[in-house]
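Just so it is clear, the model here is predicted, and its values are computed rather than measured. No hydrogens, no waters, no symmetry mates; every other heavy atom, side chains included, goes into these values. Throughout, protein chains are lettered first and strands after them, A, B, ... in sequence-line order, and every chain is numbered starting at 1.
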Amino acid sequence: MAADPKMRFLVVDDFSTMRRIVRNLLKELGFTNVDEAEDGAIALQKLQAGGFEFVVTDWNMPNMDGLTLLQTIRATPALKALPVLMITAEAKKENIIAAAQAGASGYIVKPFTAGTLSEKLNKIFEKMGQG
Amino acid sequence: MTANNDSNELEALFDSIASDYKVTPPASPTPQHAPPLPPAVSAAGDNDDLQALFDSVAAKNTGAAADPAVDPAAAEAAGENWPKQEAVFNRIGHMARALHDTLGQLGYDKLLEKTVTALPDAKDRLAYVANLTEQAACRVLNATDIANPLVEDIESRSRALGARWDRVFANQMRTEDFKALAGETRDFLNQQLPEKTKATHVQLTEIMMAQDFQDLTGQVIKKVVALAQELESGLMSVLLETVPDTKRTNEVNNLMNGPVVNAEGRTDVVVNQAQVDDLLDSLGF
């Protein structure tokens, strides 16, 4: 499946710098339709309002962390098919396993490169195309 | 008999009875009655009692008080006298415990005081670091936001001119068009390109200058690290003295640890994206 450049992204991170970097990287990859949320709780509100096709989220955030957000998305019928890519500094193996088991579409450890983001996005698009 | 030996023996003795002493509820003290009280009295009553008893016993029988090393054997041998002597030893133990606690508190007070003053200072310093790094990140991102369109513009104009020059070389262009192209190209090379590269250069300089935070934050972080080490060693010694072995655990297990700052010798963390991918692949995700 060729990725639609109009695909609407939600970038969730409590640090504005990180949100801005991810937004810029997405822009370089051709995705300009990007919204931001500063924690899982705000992200969930925005997602429930509808219109998003892809979630990129951090793990460690106040109010609602990224894993809880992921679990909530997977448990919500209207949202459960949303691809969720985690970009996080959490690098313990049990973190990665927990994220995979919770249904993460991809896992990127910080610090990361534009190349890694592009590669993971493409991999997720491929899987979405098959599914 | 050295003072050191003495304190070790005492330590063992009062440790064995410390639990009784600690959990004692503040029962109504009856200091003047029943001198050989079991440990179930209030701390205050106990101390008064103890002082009086100790004085009297010490005067009569300095040997027993001064040499606790003979405690179990001597007590056993004493037979009928044992209950009385046990009470004496208990009280000596309590006294030593109180002394020990007071001394400990004196030492730890300094540590606590230092912590109370040092931590807000460290907090301020770290807030300063967070502030400077955020500013730097913003400056760099702003600079790239300005520079990117400049570079993109140079690229698109170059491509447009290049495509027209391709037509010249393919003999597909009329003379007047060629003259216009030559003029535009000259203008681009003399005016637009230098202007845009100059503006880009300004932004690159801005990015470079934004790194000046590293010098300042580096100094501040070094100070905070030194402080943390000092506090850690102080707190460690308190913990080692007070926490029983069984309560000591190596690691707090949770899923929000933040970045791994030192992965050396650890097998529970990944250090790069390739390892993340390998792990997920190995699990079939």
If you round to the nearest 0.5 Å, how far is [atom2] of [Y] from [atom1] of [X]?
X        : Y       : atom1 : atom2 : result
B:Leu255 : A:Ile96 : CG    : CD1   : 11.0 Å
B:Thr267 : A:Lys92 : OG1   : NZ    : 10.5 Å
B:Thr144 : A:Glu28 : OG1   : CD    : 9.0 Å

field: Pairs of heavy atoms under 4.5 Å with chain A: top-ranked of B:Asp277, B:Val270, B:Leu283
entry: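 Winner by heavy-atom pair count: B:Val270.
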task: Write down the atom of B:Asn257, the atom of A:Glu90, and the distance for their closest heavy-atom approach.
output: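 In this case the closest contact between B:Asn257 and A:Glu90 is N-OE1, 2.8 Å.
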Sort [X] into side chain, backbone, both or neither according to what part of it lies under 4.5 angstrom from a heavy atom of chain B.
X        : answer
A:Ser16  : side chain
A:Thr116 : side chain
A:Ala98  : side chain

query: Which atoms of B:Leu141 come close to chain A, meaning under 4.5 Å heavy atom to heavy atom: side chain ones, backbone ones, both, or neither?
result: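 Answer is both: backbone and side chain atoms of B:Leu141 are under 4.5 Å from chain A.
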task: With a 4.5 angstrom heavy-atom cut-off, could you sort out which part of B:Asn272 is near chain A: side chain, backbone, both or neither?
output: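 Backbone only.
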Side-chain (B:Gln273) to main-chain (A:Pro111) donor-acceptor, under 3.5 angstrom: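 Side chain of B:Gln273 to backbone of A:Pro111: no pair is present.
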query: So, do A:Asn24 and B:Asp145 sit near enough that their side-chain heavy atoms are less than 4.5 Å apart?
result: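 Answer yes - side chains close enough.
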Partner of A:Lys93 under side chain to side chain contact (heavy atoms under 4.5 Å, CB included), chosen from B:Val276, B:Val269, B:Leu279: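 Passing option: B:Leu279.
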message: Using the rule given for side-chain contact (heavy atoms from CB on, under 4.5 Å), can you reason through B:Met256 versus A:Thr88, listing the C-alpha separation, both sets of side-chain angles and the distance that settles it, and then say yes or no?
response: CA-CA 10 Å; B:Met256 288 201 266; A:Thr88 169; over 6 Å; no
message: More than 12 heavy atoms of other residues, nucleotides or ligands under 6.0 Å from CD of B:Gln275: yes or no?
response: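 Yes, CD of B:Gln275 has more than 12 neighbouring heavy atoms, counting only those of other groups under 6.0 Å.
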